[in-house]
Asks: 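Attaching a single structure in structure tokens format; questions to follow.
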Amino acid sequence: MRRAGPPGPRGREGWDRALLEQPPPVEEVAIAARSPRRFEPVLGPALVRAAEGRAAELRERLGPRRVWNVNSTAVGGGVAEMLPSLLGYARWLGIDARWLVIGGEPAFFGVTKRLHHALHGSSGDGRPLGAAEREVYEAVQRHNAPQLLERVRPGDVVILHDPQTAGLAPALAEAGAVVAWRCHIGHDAVNGEVESGWSFLEPYLAEVPAYVFSRRAYVPRQLDAGRAAVIAPSIDPFSAKNEELAEETVRAILVQVGLIAGTPRAEGVSFPGADGAERSVRRPAAIVREGPPPEWGTPLVVQVSRWDPLKDPLGVIAGFRALIEQGRAGDAELVLAGPDVSSVSDDPEGQAVLEAAVSAWRALSPPLRRRIHLAQLPTDDLAENASMVNALQRHASVVVQKSLNEGFGLTVTEAMWKARPVLASAVGGIRDQIEDGVSGVLVADPSDTAAYAAALAELVGEPARAAAIGERARERVREQYLGLRHLGQYADLLERLGLW
Ligand code: UDP
């Protein structure tokens, strides 16, 4: 886990020059091999055998080449969520897949967060994306590039993830690596923000032979569409985040965390994971609340997200408030959960967004406050954090994802796999993930709190319909969003790179 360092003296533009000169070093994250045979009961043996056959061909063709994945955080967000599983299966299949995390510092992550917002069509903190920002961005790439080149050999494949790593492409290509760039974000419509984001990134990406986007509509005009592949993200049904949990385990975890009434155990909660590892949940969450935790029988409306304005935590609170004020919430309570804000170092906004959510909560009347819980889940131990999210999603009566934009919402697919009815905004990749009214419910306009509250009222008030939607949601994920499909598309990508 990375934490931002202490603040140093500020430069003329407000950038922290002292830290800019010394971001933390590039780190390799160890990947444990995982057997894809686990998929047999879920997908059938034929698909698993086919994947093994494909991997054997690929292994032969790759020879000694390694396949590096590079991103900017080992903790928090969708990329960090997917890589351990995908690379773990690839390693078991004999592909030398590895994961590197680049170093960064607050000024750099300020610029990359600005880029993140721009590619989502929004202005973020409103700063420009000009020469000063480019200087900061490139200074950190100059720090990271030689460290990558100590590890990456000519001929190796390097898959760079998201704007944070795009600037490394030229140095890697020059050193003889075969580079692909995967973008996990995007916006369906082009506006000035989207244009400025892509103009910033274009110089680094022009010579990259393959791009990967989550939707075809995200391929920007600045890049050669002929080099773009579309690959949707996936989840791992056997990870701590998604494995089956017995009901008593769900309950024990949520009591331990402090999200359900009960007495936590001094020794914590332990249980065997789907991969044979021992899971353990000991730490409590930091919860902003008034009054006791919900009872086990209380229906919960849950959103799990990073503390990011695009996840619209204020809208989630406003929608739940509307539901209560209309008298349509029944006994339901709201849990808005995200990671401990001090832990996700490439997301500098977390603290401010959490504070805004807490202020919105404080402004409510006491009876409303008693039914809304804001939880920061500890991330000191990633498997523990994953088990907490798993239990919370499984226990939810309705999972919401009220995002204002979303390249692809992993939390949506995670909850669908748990047969939860999901209510989400009809934005970005979520429109592919959920078939409205069939495997979830979509709200057409993400800023329409009244429509969101009305749709929520129906799901809370009609448990049989909600359950049927949940069952179809699980089936949709089984068919489309599990890791084996994803690995097959990565194999296609390697073939496109013309390595052989
Ligand atoms: N997540 C987590 N712990 C938290 C909050 C979020 O593990 O406290 C995970 C969540 O379960 C999901 C990922 O972070 O796997 C977020 O991915 P998503 O695509 O939903 O959004 P992103 O953060 O990439 O914008």
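Order of appearance sets the numbers: ligands from 1, and atoms from 1 within every ligand. For this chain, numbers begin at 1 and follow the sequence in order.
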Asks: Do we see a donor-acceptor contact under 3.5 Å between the side chains of Thr413 and Gln433?
Replies: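 The criterion, which ignores hydrogens and geometry beyond distance, is satisfied for Gln433 and Thr413.
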Asks: Which protein residues have a heavy atom under 4.0 Å from ligand 1?
Replies: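 Residues near ligand 1: Gly77, Gly78, Glu81, Lys241, Val304, Arg306, Lys311, Gly338, Pro339, Leu377, Asn385, Val389, Glu406, Phe408, Gly409, Leu410, Thr411, Glu414.
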Asks: Does the distance from a Lys or Arg side-chain N to an Asp or Glu carboxylate O, for Arg394 and Glu244, drop under 4.0 Å?
Replies: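 A salt bridge is present here (some side-chain N lies under 4.0 Å from a carboxylate O).
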Asks: Aromatic rings His116 and His120: how do their planes relate, parallel, tilted or perpendicular, breaks at 30° and 60°?
Replies: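 Rings of His116 and His120: perpendicular, as their planes differ by over 60°.
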Asks: Quick one: CG on Leu100 to OG on Ser72, what's the gap to the nearest 0.5 Å?
Replies: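 Here the interatomic distance stands at 12.5 Å.
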Asks: Show the atom names and distances, to 0.1 Å, of all donor-acceptor pairs under 3.5 Å that link a side chain in residues 352-359 to residues at least two apart or in another chain.
Replies:
| unit_1 | atom_1 | unit_2 | atom_2 | d |
| --- | --- | --- | --- | --- |
| Glu355 | OE2 | Gln351 | NE2 | 2.9 |
| Ser359 | OG | Glu355 | O | 3.0 |

Asks: So does Ile231 get a backbone contact from the side chain of Arg182, meaning a donor-acceptor N/O pair under 3.5 Å?
Replies: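 Checked: pair present.
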